[in-house]
Colleague: 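Sending over a structure as structure tokens; questions will come in a sec.
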Number of protein chains: 2
Amino acid sequence: MGEFELIRRYFARESLNDPSVYLGIGDDCALLCPPTGQLLAVSIDTLVEGVHFLPGTPGDKVASRLLGAAVSDLAAMAATPAWFTLALSMPSFDQDWLEPFASCLAETAQGLGIHLVGGDTTRGPLTLSVQVHGFVEPSLALKRSGAQVGDIIAVTGYLGESKGGLESLLKEEPETPTIAHLRQRFYAPTPRIKLARALAPFIHSAIDISDGFLADLKHILKASHVGAKVDADAVLLSHELLAFAGNTALARQWALTGGEDFELCLTLPSEHWEHCQRKAQALSIPLTCVGEITNTDALDIWESGHKVHYTQDGYDHFRSSNG
Amino acid sequence: MGEFELIRRYFARESLNDPSVYLGIGDDCALLCPPTGQLLAVSIDTLVEGVHFLPGTPGDKVASRLLGAAVSDLAAMAATPAWFTLALSMPSFDQDWLEPFASCLAETAQGLGIHLVGGDTTRGPLTLSVQVHGFVEPSLALKRSGAQVGDIIAVTGYLGESKGGLESLLKEEPETPTIAHLRQRFYAPTPRIKLARALAPFIHSAIDISDGFLADLKHILKASHVGAKVDADAVLLSHELLAFAGNTALARQWALTGGEDFELCLTLPSEHWEHCQRKAQALSIPLTCVGEITNTDALDIWESGHKVHYTQDGYDHFRSSNG
């Protein structure tokens, strides 16, 4: 099977019924119709076999991980997903991998309301880049740089579960229901698009948690030139995470520093807190206050009445070998 | 050096003075302002070390090759370049490679009028994906599907030179001026943006020559449900290509089937031919009539009065191992 046949069979098989797509897969470019009066939000994300997922990971799990992570960047700006492109490098044509990959990619895309409009397939080590495109009203776009002193720091969902899922894979643990839940969180992140759209008018700054909560909060602090006080005891720990970690300390470590939860970290003025909580409840997504923005340069973490320090504050792709 | 520092030092160093960029590098997404009334043209392209360029290729040569090839897809739609994103995977932080890569990327981008607005850096085998974004008026967008029976088939520039450059690299030939010219064509393709914009109102279909002239012409024929008659003798062969190939037959083989010239293959009604030639002359770009669109299913190639057959009709990334 050639490159063109591969694209046709696996990625262009669904006829696209989206009036915003003037021309989809199959020409030199896709031609798209952006809505007027909105900003185009774009983000590109890469997964590499052996770096972001274990060698031998089935195609469906790579697909949901890839697209969920990429669309999460749109959620972090409160943008509505529209289109994506896929650059796929693989060592050889592997139908057993491609079939579930393409099926799950299509299914995940449908669930997220985003359409595949173009791509590139090449030979090479298994590497996948996805660029997502979305739209947001200029007044609603959430940036990292808007945090203000006195803001509540809030996080969505249960942090650390993705890290738990990854650890269970690395340890090759048998898949109990608890571990299945954690692995699902690693393989199939849920971008918080609806919640971000609902809260955006009340939010000062936002980031999605990809590097780890503390590391991502630091990005907000740096961009906003502020500090923060975090109450580590307030961070929700799921039953599943506690059960797998075996103790609260490790579960909390993962929740604070484990990456790739693709939940949101938000800062907002306290007067909007109750309203935002109600909006989150309506969507059945936990929204937890875990700290406050301060007028210091520091990120202070408090736990059981003491200031504590977490050293591994997230994942940084080049630091390990070149610190 | 960490991932974030790497991005800051190498890719975010130039402050962007482009009113269409609402928010550039450094947040979860870039936020961009599309012009009203135009189509957004997007294309993603990947280069893999050892597949698209030789291991050990300096960063500057990879940068010009990468961006030139990607922007060529915009030229093929007659779109004006606007923004691009970069996904860069590399095995380890390598300043000696990154410095010339980033410098040449910035320089090439400036020359093409396109701005880096975002990206992703990860550890992994050296792989680069670029997504380009441009704009085109709906009435001017050039597609593969518009060829009509009787159209002239025209190509820009001198074909096969990129293939000559690649062959000289594979054979590790010493760099004479002739070979330097061919390698420059391989490493630094010139997207035909200006010419495409100038000719667009008169053109029925277009594609950029990345897989090889005959292979790319076949894409037009398939999309347009037509056939073609090609006059192989009419294809321009540069002095440099003839000198390096050593004989006309090999030079012509490369011109017809060698990929990655990133010239344009166009079809247009004959009444516009002279006008288009004058436009091309004004831009000092050769524009050559090499055939005609026919109402057959076939691609017939004529050479010295005989119908001939070229077997290697382009590069297809998966066919070699999975034919």
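Values below: all heavy atoms of this structure, side chains included; hydrogens, waters and symmetry mates excluded. All figures in this text were calculated on a predicted structure; none of them were measured in a lab. Per chain, numbering begins at 1; letters A, B, ... match sequence-line order.
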Colleague: Is it the backbone or the side chain of A/A223 that comes under 4.5 Å from a heavy atom of chain B, or both, or neither?
Modeller: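 Neither; nothing under 4.5 Å.
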Colleague: Who among A/V42, A/V48, A/T46, A/L23 has the most heavy-atom pairs with chain B under 4.5 Å?
Modeller: A/V42
Colleague: May I ask you to name which of A/G124, A/A87, A/S72, A/G37 has the most heavy-atom pairs under 4.5 Å with chain B?
Modeller: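 The residue among A/G124, A/A87, A/S72, A/G37 with the greatest pair count is A/A87.
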Colleague: Supply the atom-to-atom distance B/Q38 CD to A/C33 SG, rounded to the nearest 0.5 angstrom.
Modeller: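 So the gap between those two atoms works out to 12.0 Å.
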Colleague: Given that the side chain runs from C-beta out, which part of B/A206 has a heavy atom under 4.5 Å from chain A: side chain, backbone, both or neither?
Modeller: backbone
Colleague: So which part of B/L47 gets closer than 4.5 Å to some heavy atom of chain A, the side chain, the backbone, both or neither?
Modeller: neither
Colleague: Whether the side chain of B/S43 engages the backbone of A/D28 through a donor-acceptor N/O pair (distance < 3.5 Å, no angle test) should be reported.
Modeller: yes
Colleague: Under a 4.0 Å N-O cut-off, is there an ion pair linking B/D27 with A/K143?
Modeller: no
Colleague: To the nearest 0.5 Å, tell me how far A/L40 CG sits from B/C29 SG.
Modeller: 9.0 Å
Colleague: Is it the backbone or the side chain of B/V132 that comes under 4.5 Å from a heavy atom of chain A, or both, or neither?
Modeller: neither
Colleague: Answer whether the closest heavy-atom distance between the side chains of A/I44 and B/F84 falls below 4.5 Å.
Modeller: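 No, side chains not in contact.
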Colleague: For the interface with chain B, which of A/H133, A/E49, A/M77 has the highest count of heavy-atom pairs at distances below 4.5 Å?
Modeller: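 Most pairs with chain B among the choices: A/M77.
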Colleague: May I ask you to name which of B/A41, B/A79, B/P35 has the most heavy-atom pairs under 4.5 Å with chain A?
Modeller: B/A41
Colleague: Does the side chain of B/R123 reach to within under 4.5 Å of the side chain of A/H52, using non-hydrogen atoms?
Modeller: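 SC-SC contact between B/R123 and A/H52 ruled out.
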Colleague: Once rounded to the nearest 0.5 Å, what's the spacing between atom CG of B/D45 and atom OG of A/S129?
Modeller: 12.0 Å
Colleague: Output the distance between atom CZ (B/F135) and atom CG (A/L31), rounded to the nearest 0.5 Å.
Modeller: 11.0 Å
